[in-house]
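Remarks on the structure that follows.
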There are 2 protein chains.
Amino acid sequence: MVYRQTNRIKEKIECKRREIIRAAREVFAENSYQGTSIKTVAQRAKIATGTFYLYFSNKEALINTIVDEMFSELLEYIKNERAVYTDGFDKLQASMEACIKLFIKENNLAKILLIQVPGVNNAFNAKLIEIENELIKLTKEDLDELKVQGRLTGEDTLVSAMAFVGSFRQVIIGWLREGRPEKLNEAFSTLMQYNLRGLGKKPNHNRQENGEDER
Amino acid sequence: MVYRQTNRIKEKIECKRREIIRAAREVFAENSYQGTSIKTVAQRAKIATGTFYLYFSNKEALINTIVDEMFSELLEYIKNERAVYTDGFDKLQASMEACIKLFIKENNLAKILLIQVPGVNNAFNAKLIEIENELIKLTKEDLDELKVQGRLTGEDTLVSAMAFVGSFRQVIIGWLREGRPEKLNEAFSTLMQYNLRGLGKKPNHNRQENGEDER
DNA sequence: TAATAAAATGAATTTCAGTTCATTTTATAA
DNA sequence: TTATAAAATGAACTGAAATTCATTTTATTA
């Protein structure tokens, strides 16, 4: 009986799987979850419609995989960028800067997470909400730390954290949707100042660094 | 030839049309645009499925009507509430307070505009974007006026306006989705303070009112 | 009350995208 | 080179929801 084992066509298969994901990210970002058909994804990935189902059990499994990967990608990126800092304000800034850097680098990720997928179905909208909440949670932790250190005047750290994240979200979405503001980089520092003032950052005592808060 | 003219069954028909819209707002708010079927809307409005099509050409026409009405409702409400004030900061505050009051009063409106409809399809996502942009525009106008009067330190009024609106949006959505914060009213004043600080509101000179900015 | 037409009904039809599957192609190893 | 099975194909199938339409009900007026 001359059967056969898989060897390094495993690689080829893994490659094709990645290619499907890559293509799907493109198409989802352009259209939306329900706006894109498996047929379109398959075409973009240069495979037959049926082949798709050898790689993913269905459409939902695909978007789930994509959103999960994006979630990890974003969080890992943020954690890396934060790792350098110990100061609360620095960590806060590093988080948001990481988001913006990643969104600029990976446009599809931003479009899918912020624009195309929300509102799809309650089931896995939950996943997106989880991402947003995770960011708010991270932010709140930083704020609580700063509060304990007596370096903030604002009181309600939950509402502050939401305001903080929300202000960034709005500007990023404006940029994604209509290129307004044009330069996200430049808006970033304005936004950061806005929020530091909003948080009630007290003037630095014994610290040496950045003169980029209130003038 | 004994024909017939419509007289005040016109009223009845108009009534039924309103009832369909009312029912649809409920159902869309609970489910989502694609999550709700015309059959469900018809049942909720206590009519047969086919009857629906005597009142609206199709599902899209229905949601369009609803969103358009909500748009007008929101803007009119805001403009009314603003009308009392002349001071820039007061107008700003009145705008956001109007939003929040309306969202509390008309939960469906908030859910549909902020949660259920976004991400449906690019075509009439545009309508929602228009609403958001209109709010940002209004806000920016207030900020520009304040800037001219030299009552703000912040520079970029577009980014500030986006941050302002975005921070409110985030908190309102948190409240709609998970009841966090619990009391939107209370969060409002925190948020307002946050944003006034963020904008760089200068201490009042010759004005008499509210001591609710920085302490 | 009868004739007429608007309004309402809900079963039948259409549409459309997700998914399946019989068939073909490709890769493996004897 | 051939037998075998994995992988790929795309036309056919399916189900669900939008829309239509033949029929019934309701309202109107002579």
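Lettering of chains follows the sequences in order, A, B, ..., and the numbering in each one begins at 1.
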Heteroatom pairs (N/O) under 3.5 angstrom, protein to nucleotides 12-16 of chain D:
none

Query - Reported CG-to-CD distance for the pair B:L75 and B:E134, which is rounded to 0.5 angstrom - result: 5.5 Å
Query raised in the report: Is the closest side-chain donor-acceptor distance between A:S37 and A:T40 under 3.5 Å?
Result: yes
**Report entry** Nucleotide C:dT28, atom P - distance to NZ of A:K10 in whole Å
**Finding:** 12 Å
Requested in this report: Ignoring hydrogens and angles, state whether a donor on the side chain of A:E30 or A:N108 is under 3.5 Å from an acceptor on the partner side chain.
Outcome: no
Query - Distance, nearest 0.5 Å, that separates CD1 of B:I21 from NZ of B:K16 - result: 14.5 Å
Requested in this report: Could you please spell out the steps behind the side chain to side chain contact (heavy atoms under 4.5 Å, CB included) verdict for B:L199 and A:R197?
Outcome: CA-CA 8 Å; B:L199 291 168; A:R197 282 194 301 261; over 6 Å; no
Report task. For A:Y194 and B:N195, test the side chains for any donor-to-acceptor distance below 3.5 angstrom and give the result as yes or no. Result -> yes
Query raised in the report: Do B:E132 and A:Q170 meet the criterion of a side-chain donor-acceptor pair at a distance under 3.5 Å?
Result: yes
Report task. Step by step, work out the side chain to side chain contact (heavy atoms under 4.5 Å, CB included) result for A:R17 and A:T65. Result -> CA-CA 11 Å; A:R17 189 185 145 85; A:T65 303; 3.7 Å; yes
Query - Side chain of A:Y53 - closest among D:dT19, C:dT28, C:dT19 - result: C:dT19
**Report entry** Rounded distance (nearest 0.5 Å) linking atom CG of A:L191 with atom CZ of A:F164
**Finding:** 8.5 Å
Query raised in the report: Between B:N31 (CG) and D:dA17 (P), how many Å, whole number?
Result: 11 Å
Report task. Report the distance from atom CZ of A:F56 to atom P of C:dG18, rounded to the nearest whole Å. Result -> 15 Å
Query raised in the report: Counting only non-hydrogen atoms, which of residues 35-44 of chain A are less than 4.0 Å from DNA chain C?
Result: A:T36, A:S37, A:I38
Report task. Take atom CG of B:N58 and atom P of D:dT19, then tell me their distance rounded to the nearest Å. Result -> 5 Å
Report task. State whether the number of non-hydrogen atoms from other residues, nucleotides or ligands found under 6.0 Å of B:E76 atom CD is greater than 12. Result -> no
Query raised in the report: Quick one: do the B:D156 and A:T190 side chains pair a donor with an acceptor below 3.5 Å?
Result: no
If you restrict it to nitrogen or oxygen atoms, what contacts under 3.5 Å exist between nucleotides 8-12 of chain C and the protein, and what is each distance?
unit_1	atom_1	unit_2	atom_2	d
C:dA8	OP1	B:K16	NZ	2.7
C:dA8	OP1	B:Y55	OH	3.2
C:dA8	OP2	B:Y55	OH	2.9
C:dT9	OP2	B:A48	N	2.9
C:dT9	OP2	B:T51	OG1	2.8
C:dG10	N7	B:G50	N	3.2

